[in-house]
Amino acid sequence: TPMPIPTQTPMPAPTVASDAADCSNLPANGPKIKIEGPWVPSTNVAELNAAASSASMGSSSSATSSAMGMGGSSSAMSSGVAMANSINTAAFMVIHNCTGQAESIVKATSNLDGMTSLMNFEIKDGKSAMANISQIDIPAGKKVELKSGSYHVMFMNLKKDLKPGDMVQVTLTFKKIVQVCFCKLV
């Protein structure tokens, strides 16, 4: 049964002060992986541009890119995805590994029409770029934050905009277990 995810204003996943996993409130017989604060930004470019414009009162392209985060059309993004006129966004969350042994996310899938993959934002030779990665490692007893500008689950070449209230089902496949995370768009 999916856990309801509250509606939130688009913002990064919670900043983590410590990398120790919070293993409270886990079911006794369930998976020992905890997903905290999952969210997916809307891809409605017109709404995001309007919000950025009103927030900056001057509507610079950097304000638009900042307000959009990872969501929107790649032609309006500064994220490094070079696919003109495609609709892209990402899922962000904190993953706590309470298994007592190292674990890795090895695959991500979703119910969206398009491509879903694990990605990392990297800076090479002074230039930023996103790169497909084969896994995201989570040490035993630690947590890893999937966030803009770092590790994330990327959705590319979507067939339609994702609007506030749309539900995205993301399945994260780990080396030893499968964990399903339902992310409600906000």
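Only heavy atoms go into these numbers, but all of them, side chains included; no hydrogens, no water, no symmetry mates.
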- prompt: Does any pair with a residue in residues 124-158 pass disulfide (SG to SG under 2.5 Å), and if so which ones, sequence neighbours excluded?
  reply: none
- prompt: For Lys160, does the NZ atom sit with more than 12 other heavy atoms under 6.0 Å from it, leaving out its own atoms?
  reply: no
side-chain contact (heavy atoms from CB on, under 4.5 Å) against Val180, all qualifying residues, sequence neighbours excluded: Gln169, Thr171, Phe182
query: How would you list all residue pairs meeting disulfide (SG to SG under 2.5 Å) that involve residues 98-174, not counting sequence neighbours?
result: Cys23-Cys98
- request: Mind jotting down which residue pairs meet the disulfide (SG to SG under 2.5 Å) criterion with at least one end in residues 111-153? Sequence neighbours excluded, please.
  value: none
Side-chain (Asn157) to main-chain (Gly114) donor-acceptor, under 3.5 angstrom: no
query: Any Lys/Arg nitrogen of Lys142 or Asp19 sitting under 4.0 Å from an Asp/Glu carboxylate oxygen of the other?
result: yes
- prompt: Can you tell me if Ser104 uses its side chain to pair, donor with acceptor, with the backbone of Gln135 under 3.5 Å?
  reply: no
Donor-acceptor contact below 3.5 Å, side chain Thr89 vs main chain Phe155: no
query: Rounded to the nearest 0.5 Å, how far does CG of Leu158 lie from CG of Leu112?
result: 5.5 Å
message: Rounded to the nearest 0.5 Å, what separates atom CZ in Phe92 from atom NZ in Lys147?
response: 11.0 Å
query: Can you find a heavy atom in the side chain of Leu172 that is under 4.5 Å from one in the side chain of Val153?
result: yes
task: Look at the side-chain heavy atoms of Ile, Leu, Val, Met, Phe, Trp and Tyr, link any pair under 4.5 Å apart, and say whether Ile177 and Leu118 land in one connected group.
output: yes
message: Can a donor-acceptor pair be found, under 3.5 Å and without considering hydrogens, that links the side chain of His96 to the backbone of Val94?
response: no
- prompt: Within the distance-only criterion (no hydrogens, no angle test), does the side chain of Thr43 pair as donor or acceptor with the backbone N or O of Ile87 below 3.5 angstrom?
  reply: no
- request: Output every pair passing salt bridge (Lys or Arg N to Asp or Glu O under 4.0 Å) with a member in residues 97-110, not counting sequence neighbours, ordered by first then second residue.
  value: none
field: Gap separating the CE atom of Met93 from the NZ atom of Lys143, nearest 0.5 angstrom
entry: 15.0 Å
query: At what distance, to the nearest 0.5 angstrom, does NZ of Lys175 lie from CD of Gln101?
result: 11.0 Å
- line: In short, Ala91 meets His152 closest at the heavy-atom pair O-CB, 3.8 Å
message: Are Ile133 and Ile138 connected into the same hydrophobic cluster when the rule is that any two of I, L, V, M, F, W, Y join if their side-chain heavy atoms are below 4.5 Å apart?
response: yes
statement: Residue pairs meeting salt bridge (Lys or Arg N to Asp or Glu O under 4.0 Å), one or both in residues 116-138, sequence neighbours left out, come to Glu122-Lys124
field: For Lys34, salt bridge (Lys or Arg N to Asp or Glu O under 4.0 Å) partners two or more places apart
entry: Asp22
query: Can Met130 be reached from Met115 by stepping across I, L, V, M, F, W or Y side chains whose heavy atoms are under 4.5 Å apart?
result: yes
side-chain hydrogen bond (donor to acceptor under 3.5 Å, both in side chains) partners of residues 110-120, not counting sequence neighbours, each pair once: Ser110-Thr116, Ser117-Asn132
task: Starting from the C-alpha separation in whole Å, work towards a yes-or-no answer on side-chain contact (heavy atoms from CB on, under 4.5 Å) for Val144 and Tyr151.
output: CA-CA 9 Å; Val144 172; Tyr151 295 120; 4.2 Å; yes
- request: May I ask you to decide if Lys163's main-chain N or O and Asp161's side chain share a donor-acceptor pair within less than 3.5 Å?
  value: no
